[in-house]
A.B. asks: 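Here it is, the structure, as C-alpha coordinates.
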Amino acid sequence: MLTLILVILAAVIFEYSNGFHDAANAIATVVSTRVLTPRQAIAMAAFFNLTGALFGGAVAASSWNIATWWLGLPSSSSHALIGGLCGAALAAARGDWSVIKWNEGVWPKVVLPMIASPIAGFVFGALFMFLLLIALHRFTPQFVHSLFGKLQIFSAAWMAHSHGTNDAQKTMGIITLALFTGTKAGSFDNWPRWLDFLKTPSFVLPTWVIALCAVTMAAGTAAGGWRIIRTLGHRVVKLQPVHGFAAETTAALIIQVASYYGIPLSTTHVISTSIMGVGAVKRFTGIRWTVVERIVWAWVFTLPATALMGYMLERAIGTR
(Lines give C-alpha, C1' and ligand atoms only; values in the text may rest on other atoms or scores of the structure.)
Protein backbone atom coordinates (compact mmCIF):
# COMPACT_ATOMS: atom_id res chain seq x y z
CA MET A 1 0.00 0.00 0.00
CA LEU A 2 2.74 2.47 1.01
CA THR A 3 4.73 1.81 -2.18
CA LEU A 4 1.69 2.40 -4.38
CA ILE A 5 0.83 5.61 -2.53
CA LEU A 6 4.40 6.86 -2.96
CA VAL A 7 4.33 6.03 -6.70
CA ILE A 8 1.06 7.91 -7.21
CA LEU A 9 2.26 10.83 -5.07
CA ALA A 10 5.54 11.10 -6.99
CA ALA A 11 3.65 10.92 -10.29
CA VAL A 12 1.23 13.66 -9.21
CA ILE A 13 4.11 15.90 -8.08
CA PHE A 14 5.80 15.36 -11.43
CA GLU A 15 2.56 16.16 -13.27
CA TYR A 16 2.12 19.36 -11.29
CA SER A 17 5.72 20.42 -11.93
CA ASN A 18 5.24 19.54 -15.60
CA GLY A 19 2.25 21.88 -15.67
CA PHE A 20 4.05 24.95 -14.35
CA HIS A 21 7.34 24.04 -16.04
CA ASP A 22 5.87 23.52 -19.52
CA ALA A 23 3.09 26.09 -19.26
CA ALA A 24 5.53 28.52 -20.85
CA ASN A 25 5.72 26.34 -23.97
CA ALA A 26 2.18 27.26 -24.87
CA ILE A 27 1.99 30.86 -23.72
CA ALA A 28 5.45 32.42 -23.91
CA THR A 29 4.89 33.85 -27.38
CA VAL A 30 1.32 35.04 -26.79
CA VAL A 31 2.51 36.87 -23.64
CA SER A 32 5.60 38.36 -25.26
CA THR A 33 3.57 39.73 -28.18
CA ARG A 34 1.06 41.20 -25.69
CA VAL A 35 -1.89 39.54 -27.41
CA LEU A 36 -2.99 38.28 -23.97
CA THR A 37 -2.11 39.35 -20.47
CA PRO A 38 -0.16 36.82 -18.40
CA ARG A 39 -3.25 35.96 -16.34
CA GLN A 40 -5.40 35.45 -19.43
CA ALA A 41 -2.71 33.33 -21.10
CA ILE A 42 -2.23 31.08 -18.08
CA ALA A 43 -5.98 30.58 -17.65
CA MET A 44 -6.31 29.63 -21.31
CA ALA A 45 -3.29 27.30 -21.19
CA ALA A 46 -4.62 25.60 -18.05
CA PHE A 47 -7.98 24.95 -19.69
CA PHE A 48 -6.57 23.60 -22.95
CA ASN A 49 -3.90 21.55 -21.19
CA LEU A 50 -6.84 19.97 -19.37
CA THR A 51 -8.74 19.24 -22.59
CA GLY A 52 -5.62 17.82 -24.20
CA ALA A 53 -4.92 15.59 -21.22
CA LEU A 54 -8.48 14.27 -21.23
CA PHE A 55 -8.61 13.54 -24.95
CA GLY A 56 -5.09 12.16 -25.46
CA GLY A 57 -4.19 8.54 -24.71
CA ALA A 58 -1.48 7.14 -26.96
CA VAL A 59 1.66 8.20 -25.08
CA ALA A 60 0.69 7.07 -21.81
CA ALA A 61 12.05 13.83 -12.60
CA SER A 62 10.34 16.29 -10.79
CA SER A 63 13.74 17.34 -9.31
CA TRP A 64 15.13 18.15 -12.76
CA ASN A 65 11.99 20.08 -13.66
CA ILE A 66 12.26 22.23 -10.58
CA ALA A 67 16.00 22.82 -11.02
CA THR A 68 15.69 23.90 -14.66
CA TRP A 69 12.59 25.99 -13.87
CA TRP A 70 14.61 27.83 -11.20
CA LEU A 71 17.30 28.56 -13.78
CA GLY A 72 14.70 29.59 -16.35
CA LEU A 73 15.77 26.85 -18.78
CA PRO A 74 13.06 25.24 -20.96
CA SER A 75 14.25 21.64 -20.62
CA SER A 76 12.25 18.54 -21.53
CA SER A 77 9.96 17.11 -18.85
CA SER A 78 9.44 14.10 -21.13
CA HIS A 79 13.12 13.25 -21.29
CA ALA A 80 13.52 13.92 -17.56
CA LEU A 81 10.84 11.35 -16.81
CA ILE A 82 12.22 8.80 -19.30
CA GLY A 83 15.78 9.27 -18.04
CA GLY A 84 14.68 8.81 -14.44
CA LEU A 85 12.78 5.64 -15.34
CA CYS A 86 15.74 4.17 -17.22
CA GLY A 87 18.14 4.95 -14.37
CA ALA A 88 15.81 3.46 -11.75
CA ALA A 89 15.23 0.34 -13.86
CA LEU A 90 18.97 -0.13 -14.34
CA ALA A 91 19.59 0.18 -10.61
CA ALA A 92 16.77 -2.25 -9.77
CA ALA A 93 18.29 -4.77 -12.23
CA ARG A 94 21.72 -4.36 -10.59
CA GLY A 95 23.35 -2.94 -13.69
CA ASP A 96 21.78 -5.32 -16.22
CA TRP A 97 21.52 -3.07 -19.30
CA SER A 98 19.28 -5.56 -21.09
CA VAL A 99 16.30 -4.33 -19.05
CA ILE A 100 16.33 -1.14 -21.14
CA LYS A 101 14.65 -1.81 -24.48
CA TRP A 102 17.03 0.10 -26.75
CA ASN A 103 15.92 -1.12 -30.18
CA GLU A 104 12.19 -1.35 -29.39
CA GLY A 105 11.67 1.78 -27.32
CA VAL A 106 14.53 4.09 -26.39
CA TRP A 107 16.06 4.51 -29.83
CA PRO A 108 12.95 4.84 -32.07
CA LYS A 109 10.65 6.45 -29.49
CA VAL A 110 13.06 8.73 -27.61
CA VAL A 111 16.47 9.31 -29.22
CA LEU A 112 15.38 9.68 -32.85
CA PRO A 113 12.48 12.05 -32.00
CA MET A 114 14.83 13.94 -29.68
CA ILE A 115 17.08 14.64 -32.67
CA ALA A 116 14.42 14.99 -35.36
CA SER A 117 11.82 17.11 -33.57
CA PRO A 118 14.03 20.17 -32.90
CA ILE A 119 15.22 20.08 -36.51
CA ALA A 120 11.62 19.81 -37.71
CA GLY A 121 10.58 22.68 -35.45
CA PHE A 122 13.32 24.96 -36.76
CA VAL A 123 12.93 24.05 -40.45
CA PHE A 124 9.13 24.06 -40.60
CA GLY A 125 8.89 27.14 -38.41
CA ALA A 126 11.24 29.00 -40.74
CA LEU A 127 9.43 27.70 -43.84
CA PHE A 128 5.98 28.63 -42.52
CA MET A 129 7.18 32.09 -41.56
CA PHE A 130 8.76 32.56 -44.99
CA LEU A 131 5.50 31.60 -46.72
CA LEU A 132 3.55 33.97 -44.48
CA LEU A 133 5.88 36.82 -45.36
CA ILE A 134 5.34 36.16 -49.06
CA ALA A 135 1.57 35.99 -48.65
CA LEU A 136 1.36 39.13 -46.49
CA HIS A 137 3.90 41.44 -48.13
CA ARG A 138 1.18 43.62 -49.74
CA PHE A 139 -0.73 44.22 -46.52
CA THR A 140 -0.01 47.03 -44.09
CA PRO A 141 1.81 46.27 -40.81
CA GLN A 142 -1.24 47.51 -38.89
CA PHE A 143 -3.53 45.01 -40.65
CA VAL A 144 -1.10 42.11 -40.14
CA HIS A 145 -0.64 42.96 -36.47
CA SER A 146 -4.40 43.18 -35.89
CA LEU A 147 -5.20 39.97 -37.80
CA PHE A 148 -2.57 37.80 -36.17
CA GLY A 149 -3.24 39.31 -32.77
CA LYS A 150 -6.58 37.49 -33.02
CA LEU A 151 -5.29 34.36 -34.76
CA GLN A 152 -2.54 33.88 -32.21
CA ILE A 153 -5.12 33.23 -29.51
CA PHE A 154 -6.23 30.15 -31.43
CA SER A 155 -2.68 28.99 -32.17
CA ALA A 156 -1.72 29.34 -28.49
CA ALA A 157 -4.83 27.39 -27.47
CA TRP A 158 -3.97 24.65 -29.94
CA MET A 159 -0.41 24.55 -28.64
CA ALA A 160 -1.69 24.15 -25.06
CA HIS A 161 -4.11 21.42 -26.13
CA SER A 162 -1.44 19.50 -28.04
CA HIS A 163 0.87 19.78 -25.03
CA GLY A 164 -1.81 18.18 -22.90
CA THR A 165 -2.38 15.33 -25.36
CA ASN A 166 1.31 14.42 -25.24
CA ASP A 167 2.75 15.31 -21.84
CA ALA A 168 -0.09 14.36 -19.48
CA GLN A 169 -0.17 10.84 -20.90
CA LYS A 170 3.31 10.04 -19.61
CA THR A 171 2.28 10.30 -15.96
CA MET A 172 -0.93 8.41 -16.67
CA GLY A 173 1.24 5.63 -18.05
CA ILE A 174 3.45 5.53 -14.93
CA ILE A 175 0.47 5.26 -12.54
CA THR A 176 -1.28 2.69 -14.73
CA LEU A 177 1.94 0.65 -14.94
CA ALA A 178 2.16 0.58 -11.13
CA LEU A 179 -1.50 -0.48 -10.84
CA PHE A 180 -1.13 -3.11 -13.56
CA THR A 181 2.04 -4.55 -12.00
CA GLY A 182 0.48 -4.65 -8.53
CA THR A 183 -2.66 -6.36 -9.87
CA LYS A 184 -0.69 -9.03 -11.73
CA ALA A 185 1.47 -9.67 -8.66
CA GLY A 186 -1.64 -10.16 -6.51
CA SER A 187 -0.75 -7.24 -4.24
CA PHE A 188 -4.35 -6.02 -4.14
CA ASP A 189 -6.03 -9.39 -3.53
CA ASN A 190 -6.50 -8.96 0.21
CA TRP A 191 -7.37 -5.28 0.15
CA PRO A 192 -10.84 -4.00 1.16
CA ARG A 193 -13.57 -4.03 -1.50
CA TRP A 194 -13.76 -0.24 -1.64
CA LEU A 195 -10.23 -0.26 -3.09
CA ASP A 196 -11.22 -2.48 -6.02
CA PHE A 197 -10.96 0.54 -8.33
CA LEU A 198 -7.18 0.17 -8.04
CA LYS A 199 -7.20 -3.26 -9.68
CA THR A 200 -6.04 -3.00 -13.29
CA PRO A 201 -5.97 -6.48 -14.86
CA SER A 202 -5.19 -5.12 -18.34
CA PHE A 203 -3.01 -2.16 -19.30
CA VAL A 204 -5.85 0.29 -19.94
CA LEU A 205 -5.89 3.80 -18.49
CA PRO A 206 -8.49 3.98 -15.69
CA THR A 207 -10.84 6.96 -15.90
CA TRP A 208 -9.87 8.20 -12.44
CA VAL A 209 -6.17 8.22 -13.43
CA ILE A 210 -6.95 10.29 -16.54
CA ALA A 211 -8.99 12.77 -14.49
CA LEU A 212 -6.37 13.00 -11.73
CA CYS A 213 -3.49 13.70 -14.13
CA ALA A 214 -5.50 16.12 -16.26
CA VAL A 215 -6.63 18.22 -13.29
CA THR A 216 -3.15 18.15 -11.71
CA MET A 217 -1.48 19.35 -14.91
CA ALA A 218 -4.05 22.11 -15.30
CA ALA A 219 -3.45 23.20 -11.69
CA GLY A 220 0.29 23.25 -12.29
CA THR A 221 -0.20 25.31 -15.43
CA ALA A 222 -2.36 27.76 -13.49
CA ALA A 223 0.57 28.25 -11.10
CA GLY A 224 2.54 29.71 -14.01
CA GLY A 225 6.12 29.44 -15.13
CA TRP A 226 7.35 32.99 -15.32
CA ARG A 227 11.07 32.23 -15.40
CA ILE A 228 10.74 30.10 -18.53
CA ILE A 229 8.26 32.52 -20.09
CA ARG A 230 10.89 35.24 -19.85
CA THR A 231 13.50 33.01 -21.49
CA LEU A 232 11.37 31.86 -24.43
CA GLY A 233 9.27 34.95 -24.85
CA HIS A 234 11.82 37.71 -24.43
CA ARG A 235 15.42 36.50 -24.30
CA VAL A 236 15.63 34.28 -27.40
CA VAL A 237 14.15 36.64 -29.98
CA LYS A 238 11.68 39.54 -30.01
CA LEU A 239 8.38 38.46 -31.56
CA GLN A 240 5.30 40.05 -33.08
CA PRO A 241 1.89 38.31 -33.30
CA VAL A 242 2.53 36.92 -36.79
CA HIS A 243 5.77 35.33 -35.58
CA GLY A 244 4.07 33.90 -32.49
CA PHE A 245 1.30 32.46 -34.66
CA ALA A 246 3.81 30.79 -36.98
CA ALA A 247 5.84 29.28 -34.13
CA GLU A 248 2.84 28.03 -32.17
CA THR A 249 1.06 26.58 -35.20
CA THR A 250 4.20 24.77 -36.34
CA ALA A 251 4.90 23.32 -32.89
CA ALA A 252 1.27 22.33 -32.26
CA LEU A 253 1.04 20.47 -35.56
CA ILE A 254 4.28 18.52 -34.94
CA ILE A 255 3.25 17.63 -31.38
CA GLN A 256 -0.25 16.59 -32.43
CA VAL A 257 1.13 14.22 -35.08
CA ALA A 258 3.55 12.73 -32.54
CA SER A 259 0.74 12.21 -30.02
CA TYR A 260 -1.34 10.43 -32.66
CA TYR A 261 1.48 7.94 -33.25
CA GLY A 262 2.23 7.51 -29.53
CA ILE A 263 5.64 9.20 -29.58
CA PRO A 264 6.55 10.90 -26.26
CA LEU A 265 7.88 14.06 -27.85
CA SER A 266 9.54 16.95 -26.06
CA THR A 267 7.09 19.82 -26.44
CA THR A 268 9.81 22.11 -25.10
CA HIS A 269 12.24 21.22 -27.86
CA VAL A 270 9.64 21.71 -30.57
CA ILE A 271 8.27 25.10 -29.51
CA SER A 272 11.75 26.43 -28.68
CA THR A 273 13.21 25.55 -32.08
CA SER A 274 10.04 26.74 -33.84
CA ILE A 275 10.58 30.13 -32.20
CA MET A 276 14.23 30.04 -33.30
CA GLY A 277 13.27 29.13 -36.88
CA VAL A 278 10.72 31.92 -37.07
CA GLY A 279 13.20 34.34 -35.54
CA ALA A 280 15.89 33.33 -38.04
CA VAL A 281 13.61 34.33 -40.93
CA LYS A 282 12.81 37.60 -39.22
CA ARG A 283 16.48 38.38 -38.65
CA PHE A 284 19.12 35.73 -38.14
CA THR A 285 21.35 38.01 -36.09
CA GLY A 286 18.36 38.88 -33.90
CA ILE A 287 18.49 35.48 -32.20
CA ARG A 288 20.38 35.60 -28.92
CA TRP A 289 22.62 32.61 -29.46
CA THR A 290 24.15 32.69 -25.98
CA VAL A 291 20.69 31.98 -24.55
CA VAL A 292 20.14 29.28 -27.16
CA GLU A 293 23.44 27.66 -26.14
CA ARG A 294 22.31 27.44 -22.50
CA ILE A 295 19.03 25.85 -23.60
CA VAL A 296 20.78 23.28 -25.80
CA TRP A 297 23.14 22.25 -22.99
CA ALA A 298 20.11 21.71 -20.72
CA TRP A 299 18.62 19.47 -23.43
CA VAL A 300 21.83 17.47 -23.82
CA PHE A 301 22.22 16.80 -20.10
CA THR A 302 18.56 16.04 -19.31
CA LEU A 303 18.59 12.31 -20.13
CA PRO A 304 21.96 11.37 -18.53
CA ALA A 305 21.44 13.62 -15.50
CA THR A 306 17.97 12.31 -14.68
CA ALA A 307 19.06 8.72 -15.41
CA LEU A 308 21.86 9.13 -12.86
CA MET A 309 19.44 10.66 -10.35
CA GLY A 310 16.98 7.82 -10.86
CA TYR A 311 19.75 5.24 -10.51
CA MET A 312 21.09 6.75 -7.28
CA LEU A 313 17.64 7.17 -5.75
CA GLU A 314 16.66 3.56 -6.54
CA ARG A 315 19.92 2.24 -5.09
CA ALA A 316 19.44 4.33 -1.96
CA ILE A 317 15.87 3.16 -1.44
CA GLY A 318 16.61 -0.41 -2.50
CA THR A 319 19.38 -0.83 0.05
CA ARG A 320 17.26 0.30 2.98
Side-chain angles (χ1 to χ4, degrees), residues 22-35 45 72-76 78-79 111-137 141 144-145 147-149 151-163 166-167 228-259 263 265-300 302:
D22 286 7
N25 295 341
I27 63 175
T29 54
V30 80
V31 171
S32 67
T33 57
R34 294 183 173 84
V35 169
L73 296 175
S75 67
S76 170
S78 306
H79 294 156
V111 178
L112 282 181
M114 183 174 68
I115 298 170
S117 61
I119 296 173
F122 187 91
V123 171
F124 288 118
L127 179 60
F128 189 31
M129 188 67 241
F130 180 73
L131 294 175
L132 281 177
L133 290 178
I134 293 176
L136 298 170
H137 76 281
V144 172
H145 187 86
L147 174 64
F148 284 94
L151 290 178
Q152 197 187 357
I153 295 175
F154 294 99
S155 64
W158 187 20
M159 175 62 204
H161 179 84
S162 64
H163 171 263
N166 197 280
D167 273 36
I228 298 170
I229 289 172
R230 283 194 293 268
T231 298
L232 281 181
H234 299 284
R235 295 176 182 170
V236 175
V237 64
K238 292 183 179 179
L239 300 173
Q240 296 173 351
V242 64
H243 305 112
F245 173 82
E248 289 162 351
T249 302
T250 300
L253 180 59
I254 294 172
I255 295 165
Q256 205 76 62
V257 171
S259 298
I263 299 174
L265 205 64
S266 168
T267 55
T268 306
H269 291 190
V270 178
I271 186 61
S272 299
T273 52
S274 296
I275 291 172
M276 294 174 200
V278 168
V281 172
K282 179 186 177 185
R283 195 177 72 209
F284 193 80
T285 56
I287 299 178
R288 296 170 183 170
W289 293 105
T290 54
V291 177
V292 173
E293 183 181 0
R294 290 179 62 223
I295 294 173
V296 171
W297 278 116
W299 293 353
V300 170
T302 294

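Small disclaimer: the values here were computed from a predicted structure and weren't measured. Basis for what follows: all heavy atoms, side chains included, without hydrogens, waters or symmetry-related copies.
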A.B. asks: Which residues satisfy the side-chain contact (heavy atoms from CB on, under 4.5 Å) test with Ile153, sequence neighbours excluded?
C.D. replies: Val35, Leu36, Met44
A.B. asks: Does Thr33 use its side chain to pair, donor to acceptor, with the backbone of Pro241 at less than 3.5 Å?
C.D. replies: no
A.B. asks: Of all residues at least two apart in sequence or in a different chain, which pass the ring-ring contact (aromatic ring centres under 6.0 Å, His included) check with His79?
C.D. replies: His269
A.B. asks: How close do Ser117 and Leu265 get, counting heavy atoms only, and between which atoms?
C.D. replies: CB-CD1, 3.5 Å
A.B. asks: In Å and rounded to the nearest 0.5 Å, what is the OG1 to CH2 distance from Thr302 to Trp297?
C.D. replies: 12.5 Å
A.B. asks: The criterion is side-chain contact (heavy atoms from CB on, under 4.5 Å); which residues satisfy it with Gln256, sequence neighbours excluded?
C.D. replies: Trp158, His161, Ser162, Thr165
A.B. asks: Rounded to the nearest 0.5 Å, how far apart are OG1 of Thr250 and CZ of Phe128?
C.D. replies: 6.0 Å
A.B. asks: How long is the span from the CD1 atom in Ile263 to the CD1 atom in Ile254, to the nearest 0.5 Å?
C.D. replies: 11.5 Å
A.B. asks: To check you understand the geometry: which heavy-atom pair defines the closest contact between Ala156 and Val30, and what is its length?
C.D. replies: CB-CB, 4.1 Å
A.B. asks: For Ser266, enumerate each residue passing the side chain to side chain donor-acceptor pair (under 3.5 Å) test, keeping only those at least two apart in sequence or located in another chain.
C.D. replies: Ser76
A.B. asks: Would you sort out whether Trp299 and Thr268 count as a side-chain contact (heavy atoms from CB on, under 4.5 Å), showing the intermediate values?
C.D. replies: CA-CA 9 Å; Trp299 293 353; Thr268 306; 4.3 Å; yes
A.B. asks: Return the set of residues passing ring-ring contact (aromatic ring centres under 6.0 Å, His included) with Phe122 (not counting sequence neighbours), or none when no residue passes.
C.D. replies: none
A.B. asks: Enter the distance from Gln240:CD to Gln152:CD here, rounded to the nearest 0.5 Å.
C.D. replies: 11.0 Å
A.B. asks: Kindly indicate, with the supporting measurements, whether the criterion side-chain contact (heavy atoms from CB on, under 4.5 Å) is fulfilled by Met159 and Ile255.
C.D. replies: CA-CA 8 Å; Met159 175 62 204; Ile255 295 165; 3.6 Å; yes
A.B. asks: How would you list, by chain and number, every residue that makes a side-chain contact (heavy atoms from CB on, under 4.5 Å) with Leu136, sequence neighbours excluded?
C.D. replies: Leu132, Phe139, Val144, Phe148, Val242
A.B. asks: Could you tell me whether a side-chain N or O of Thr249 sits under 3.5 Å from a main-chain N or O of Ala246, the two making a donor and an acceptor?
C.D. replies: no
A.B. asks: For Ser155, give me all partners under side chain to side chain donor-acceptor pair (under 3.5 Å), at least two apart in sequence or on another chain.
C.D. replies: Glu248
A.B. asks: Applying side-chain contact (heavy atoms from CB on, under 4.5 Å), name anything that partners Ile115, two or more places apart in sequence or on another chain.
C.D. replies: Val111, Ile119
